[in-house]
2 protein chains.
Amino acid sequence: MSLPHAILTALLEKPSSGLELTRRFDKSIGFFWSATHQQIYRELGRLEDGGLIEALPQPPSRGQRKEYRVLPDGRAELSRWVGEGQDPKPIRDPLLLRLRAAAVVGTDGLDAELRRHLTVHQQQLDEYTAIEARDFPAETSAQENRLHHTVLRAGIALETFWVDWLSEALAALTPPAS
Amino acid sequence: MSLPHAILTALLEKPSSGLELTRRFDKSIGFFWSATHQQIYRELGRLEDGGLIEALPQPPSRGQRKEYRVLPDGRAELSRWVGEGQDPKPIRDPLLLRLRAAAVVGTDGLDAELRRHLTVHQQQLDEYTAIEARDFPAETSAQENRLHHTVLRAGIALETFWVDWLSEALAALTPPAS
DNA sequence: AAGGCCATGTAAGTAGTTACATGATTGA
DNA sequence: TCAATCATGTAACTACTTACATGGCCTT
């Protein structure tokens, strides 16, 4: 149950409408939590019903922009949730499964898929390092900034892992023609 | 939709009953795909209905062990799936989200949670490296073996990433009392 | 005959995905 | 006025989770 807390965090950083949130979930928020606009609108409704956020009093009609901000109860709930414990989820990765399956039924078509993933992860890595260069040029001592940087570095390290591992996997797939 | 293919892979590696599969999903299969016994029994039923696997003809009653094996259609389906394309899923990690939220509402209780995760990932890493030392003592040229080793190395590298990153995050959380 | 474990399931709920629907605003 | 885009939603479905139910077998 992390989506509501992702939304609370985003709204505390900056009050937004549903569509703005969707855009932010495609960018910076998306580095650690992804969500579609359908999920976001549904959850905004729930959070409003629960009294954790409110819409700026304005338009009752449909295609109209609706801006939300966090209420004190919402902030308290987020603060409570930060200290909550939650075990890390076990791995569930289709690509690793494909490799294992390929060991039984053959590697047909796997090569291309690995190359494709390598490209995707390399691009993501480039994007993250560009953001790091732009937003965190030197170490600062501001706590908030350091936390943001730490989260970004997790993204960088994860993408680096994938790039390295995919290269290794490609090598394992096509042994040197000796 | 990877669970059926995880089961097909497991059954091809070794025909099993539902409970045996559950145990294997807690061990080696679980390194890349986790599943509970409820998921497994349901999916076994679907795969049998679909003619991809069959139960060894035996017991019609409830508390009785039922052994499954893969039919030719099942093997063909798995082979097809291996070559199928599927984009990597975007990150969705509650712990990273907690760090980001902590930047807004404060880091209360986060320290303990990071330490706890560090312990969990260190243990998992130790387990993986023990398996590596036991099962892959030297490089072999058998394709199947190399693929298995590559998958295991992904697990090792991922756990290593978490251990390193969590240590760094703890340092960022508690700045040096200068 | 009772308790524990082996083994297979059912039921209900939550979260996420995919496809589609509807209205408002703006510029050609 | 038409098309594109902004903006908010509904509906149906799939996957996963959590809690519980049922029966068989073995040991004491």
Side-chain angles (χ1 to χ4, degrees), chain A residues 1-8 10-11 15-26 29-30 32-50 53-68 81 86-94 97, chain B residues 1-8 10-11 15-26 29-30 32-50 53-68 81 86-94 97:
Chain A
M1 267 245 309
S2 301
L3 176 60
H5 304 98
I7 291 178
L8 287 172
L11 286 181
S16 304
S17 67
L19 191 62
E20 275 170 3
L21 278 177
T22 302
R23 299 244 161 85
R24 293 171 61 200
F25 271 81
D26 281 338
I29 309 281
F32 46 89
W33 201 271
S34 68
T36 62
H37 83 270
Q38 291 92 335
Q39 278 181 283
I40 289 167
Y41 283 117
R42 185 162 16 122
E43 198 60 46
L44 282 171
R46 287 178 190 160
L47 288 168
E48 194 179 13
D49 288 348
I53 64 173
E54 66 173 359
L56 296 195
Q58 276 264 24
S61 84
R62 193 171 171 119
Q64 291 289 84
R65 182 191 163 80
K66 221 158 67 179
E67 180 115 355
Y68 291 94
W81 179 82
Q86 192 173 8
D87 281 335
K89 288 237 173 115
I91 298 176
R92 203 173 264 167
D93 190 303
L97 175 56
Chain B
M1 269 245 308
S2 301
L3 176 59
H5 304 98
I7 292 178
L8 287 172
L11 287 181
S16 302
S17 67
L19 190 61
E20 275 171 1
L21 277 178
T22 302
R23 301 245 159 85
R24 293 172 61 199
F25 270 81
D26 281 338
I29 310 280
F32 47 90
W33 201 271
S34 68
T36 62
H37 82 270
Q38 291 90 337
Q39 278 181 283
I40 289 167
Y41 283 117
R42 185 158 18 112
E43 197 61 47
L44 282 172
R46 286 179 191 159
L47 287 168
E48 193 178 14
D49 288 348
I53 64 174
E54 67 172 359
L56 297 196
Q58 277 263 24
S61 86
R62 196 173 169 117
Q64 292 289 83
R65 180 191 164 79
K66 221 157 69 176
E67 179 116 355
Y68 292 95
W81 179 81
Q86 192 173 8
D87 281 334
K89 288 236 173 116
I91 299 175
R92 202 175 265 165
D93 190 302
L97 176 55

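Listed by chain and residue number, Ser34(B) satisfy the side chain to side chain contact (heavy atoms under 4.5 Å, CB included) test with Pro90(A) (two or more places apart in sequence, or in another chain).
As a whole-Å value, the separation of Lys66(A) NZ from dC6(D) C1' is 15 Å. When the P atom of dT18(D) is taken as reference, atom CD of Gln86(A) falls 10 Å away, rounded to whole Å. Between the CD atom of Gln38(A) and the P atom of dC13(D) there is a distance of 16 Å, rounded to whole Å. Atom CD1 of Ile40(B) and atom C1' of dA7(C) are 13 Å apart (whole Å). Between the NZ atom of Lys89(B) and the C1' atom of dA15(C) there is a distance of 12 Å, given to the nearest Å. If you take OH of Tyr41(B) and C1' of dA11(C), they are 17 Å apart, rounded to a whole angstrom. Atom CG in Asp26(B) sits about 13 Å away from atom P in dC6(C), given to the nearest Å. Spacing between atom NE2 of His37(A) and atom C1' of dA11(D) amounts to 12 Å, rounded to whole angstrom units.
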List every contact pair, protein side and nucleotides 14-16 of chain D side both N or O, where the distance is under 3.5 Å.
{"from": "dC16(D)", "atom 1": "OP2", "to": "Gln39(B)", "atom 2": "NE2", "distance (Å)": "3.1"}
{"from": "dC16(D)", "atom 1": "O5'", "to": "Gln39(B)", "atom 2": "NE2", "distance (Å)": "3.3"}
{"from": "dC16(D)", "atom 1": "O3'", "to": "Arg92(A)", "atom 2": "NH1", "distance (Å)": "3.2"}

Step by step, would you call Tyr41(A) with Thr36(A) a side-chain contact (heavy atoms from CB on, under 4.5 Å)? CA-CA 9 Å; Tyr41(A) 283 117; Thr36(A) 62; over 6 Å; no

Audit row: Leu11(B), Leu47(B), side-chain contact (heavy atoms from CB on, under 4.5 Å) steps and yes/no: CA-CA 12 Å; Leu11(B) 287 181; Leu47(B) 287 168; 5.7 Å; no

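Looking at every heavy atom in both residues, Trp33(A) comes nearest to Asp93(B) through CE3-N, 3.6 Å. For Gly18(A) against Ile40(A), the heavy-atom pair with the smallest separation is O-CG2, 4.2 Å.
Within the 3.5 Å criterion, the main-chain N or O of Gly45(A) finds no donor-acceptor partner in the side chain of Glu48(A).
With Ser16(A) as the fixed residue, the side chain to side chain donor-acceptor pair (under 3.5 Å) test singles out one of Lys66(A), Glu67(A), Arg24(A): Arg24(A).
Within the 4.5 Å cutoff, no side-chain heavy atoms of Ile53(A) are placed close to those of Ile7(A).
Within a heavy-atom distance below 4.0 Å of DNA chain D, no residue of residues 15-23 of chain B is found.
Looking at Glu20(A) and Arg23(A), no side-chain N of the basic residue comes within less than 4.0 Å of a carboxylate O on the acidic one, giving no salt bridge.
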